[in-house]
Amino acid sequence: MMTKAISYHRIWKVSLPIIFSGIAQNIVNVTDTAFLGRVGLVELGAAGNAGIFYFVLVMIGMGFTIGCQIIIGRRNGEQNFHQIGHLFNTALYFLIPLSVLVFLFTQYVAPALMTFFTSSDAVLQASNTFLKVRGFGIFFAYLNFLFIAFYTGITKTRVLTYATFIQAGINVVLDYLLIFGHGGFPQMGIEGAALASVISEIVAMIYFVLYTRIKIERSKYGLELQFVFSGTKLIKILKIGFPIMIQNFMALSSWLAFFLIIEKIGEKELAASHIIRSIYMVLMIPLFGFSNATSTLVSNVIGEGKPSEVLQLVIRVVKLSLLCTGLFLPLLLFFPQEIIGVYTNNPVLIATSLPLLYVIGGSMLFFSMAFIFFASVTGTGKTQVSLAIETSSIVIYLLMAYYIGVHLQKSLTWVWCTEFIYFTIMGLLSFLYLKFGNWKSSLV
């Protein structure tokens, strides 16, 4: 008999708020790209590269909290609620010193690294300006990820919608004021975009804290603000979370490496690729929502003692993912110039971006299946396996991108076609593991 955990209603209930929060986050992404696209090509490319570098560092903390989320989901499925607060506190006292170390890295090490990775002096200078300010957001981003892990793990995801829309609204307004200098504010350009993002993350964190204090039955989950640190629980979180930390670091690093390969082709190609990346991220909104929900639901179902129903759950999520992706694709086919026109009025950039738009439209169908299968492997707690799958996919993907773009000097469109290779390998390996791997008895 079908359980509540794998019904379409249950999947939508968990996924939809995450999807809405993704919409809010991508409003910020689109706004940053569109505004900076009107400031200049250098600023657009620099903020894109530095932004990816920043998120590479942010994903270290996010990977840790996803490990925490999987364990919270398992405890939630077991109805062992009081242990959830202990996990939260242990994670909190680990993330605080980690965020300090990563912040220092952004201020003193990252600028030197960007020197090795960037050919254009103008792009390098603008990237370092952006990163110096954006690095202050590390502290608040890590804490926000921990709250997201808690609410996703207990499948109460509605709060994510509220928090991210508040964050997005503040970011958009401050972008407009600080980038262009409206309303009596100084015209800060790329530095203003970075400052707007930091302030919006602070506001989101304050909202999470207030919501938790007012709305959540803290005694039920053991969510009392006290120094409760368990080395045993930290090791358990790290056992699951560390491979995800490495995995996320590699995934975002691969994006950075991909755009650094494109930067060697030219500034025009780099700017066009960042426009396409922004559109890509919008198209991915439902997929990230479904994938995050999938990891949590898989962990909950296993915690309920029903691992035999996991594959049925995953197939249902894949169907919903393909359906949502299919709704977006006609927009790319019939209104490509209008979509790109949101980001730039430069006719050369529009012409360079158009063929890339069709490439990502096709790759999204592969992504819709591959990412759900991959998230399911993560949800089983076998994160060492998901790390191996990610590593294999990334290595082949980047080697092909470099070979096609730098060695063969093919067009930018051919370089972007390596997306098909990446998702095919990821999806196939993940599906084979779910079908034949030894994960049903996984303990977390």
Side-chain angles (χ1 to χ4, degrees), residues 4-5 9-25 58-59 61-92 94-95 140-168 200-225 228 233 237 240-241 244 248 285-286 288-301 303-304 317 375 378-379 444:
K4 180 182 177 183
H9 178 265
R10 181 64 170 167
I11 295 169
W12 273 114
K13 185 178 179 181
V14 177
S15 302
L16 203 56
I18 303 175
I19 292 171
F20 282 139
S21 71
I23 292 172
Q25 290 169 349
V58 164
M59 285 298 165
M62 185 179 183
F64 175 81
T65 60
I66 290 176
C68 190
Q69 173 186 315
I70 291 169
I71 301 176
I72 288 174
R74 192 68 58 89
R75 299 295 170 265
N76 193 63
E78 297 166 351
Q79 298 189 9
N80 190 0
F81 302 119
H82 202 265
Q83 287 295 314
I84 292 174
H86 293 169
L87 288 165
F88 185 95
N89 284 328
T90 297
L92 174 65
F94 176 79
L95 285 172
F140 313 104
Y142 279 13
L143 295 179
N144 288 340
F145 284 139
L146 182 56
F147 279 109
I148 291 169
F150 167 71
Y151 284 107
T152 306
I154 64 173
T155 70
K156 295 183 184 297
T157 52
R158 186 176 299 178
V159 61
L160 307 185
T161 304
Y162 306 144
T164 48
F165 269 104
I166 290 170
Q167 179 178 350
S200 67
E201 284 173 337
I202 295 172
V203 174
M205 185 202 69
I206 293 171
Y207 180 81
F208 274 128
V209 171
L210 293 176
Y211 185 94
T212 304
R213 290 191 62 84
I214 296 169
K215 295 288 188 179
I216 294 299
E217 189 180 346
R218 298 196 306 277
S219 58
K220 173 182 176 179
Y221 295 105
L223 271 182
E224 301 299 331
L225 189 58
V228 177
K233 286 185 174 62
I237 296 172
I240 294 176
I244 304 176
N248 286 345
I285 290 170
F288 284 133
F290 283 124
S291 66
N292 204 344
T294 300
S295 294
T296 292
L297 290 173
V298 165
S299 190
N300 271 268
V301 168
E304 293 170 6
V317 180
T378 303
V444 299

Any side-chain heavy-atom pair of N300 and T155 under 4.5 Å: yes

Least distance between heavy atoms, S291 atom then A375 atom: O-CB, 3.4 Å

Rounded distance (nearest 0.5 Å) linking atom CE of M59 with atom CD1 of I244: 12.0 Å

Side-chain H-bond candidate by donor/acceptor type, Q167 with N144, under 3.5 Å: no

Exam field: side chain S299 to backbone R74, donor-acceptor pair closer than 3.5 Å: yes

Set of side chain to side chain contact (heavy atoms under 4.5 Å, CB included) partners for I84, sequence neighbours left out: I72, R75, N76, F81, F150, I154, Y221

Among T296, T212, T157, side chain to side chain donor-acceptor pair (under 3.5 Å) partner for Y151: T212

Contact check, side chains of R218 and R213, non-hydrogen atoms, under 4.5 Å: yes

Straight-line distance of T161 OG1 to L16 CG, nearest 0.5 Å: 7.5 Å

L160 side chain near F208 side chain, heavy-atom distance below 4.5 Å: yes

Nearest-0.5 Å distance that lies between atom CG in L143 and atom CD1 in I206: 11.5 Å

CG-CZ distance between L95 and F64, expressed to the nearest 0.5 angstrom: 5.5 Å

Nearest heavy atoms of Y142 and T65, plus distance in Å: O-CG2, 4.4 Å

Distance, nearest 0.5 Å, that separates CD1 of I70 from CG of L87: 12.5 Å

Atom pair CD1/OG1 of I66 and T152 - distance to nearest 0.5 Å: 9.5 Å

Flag side-chain contact, heavy atom, 4.5 Å: F147 against V159: no

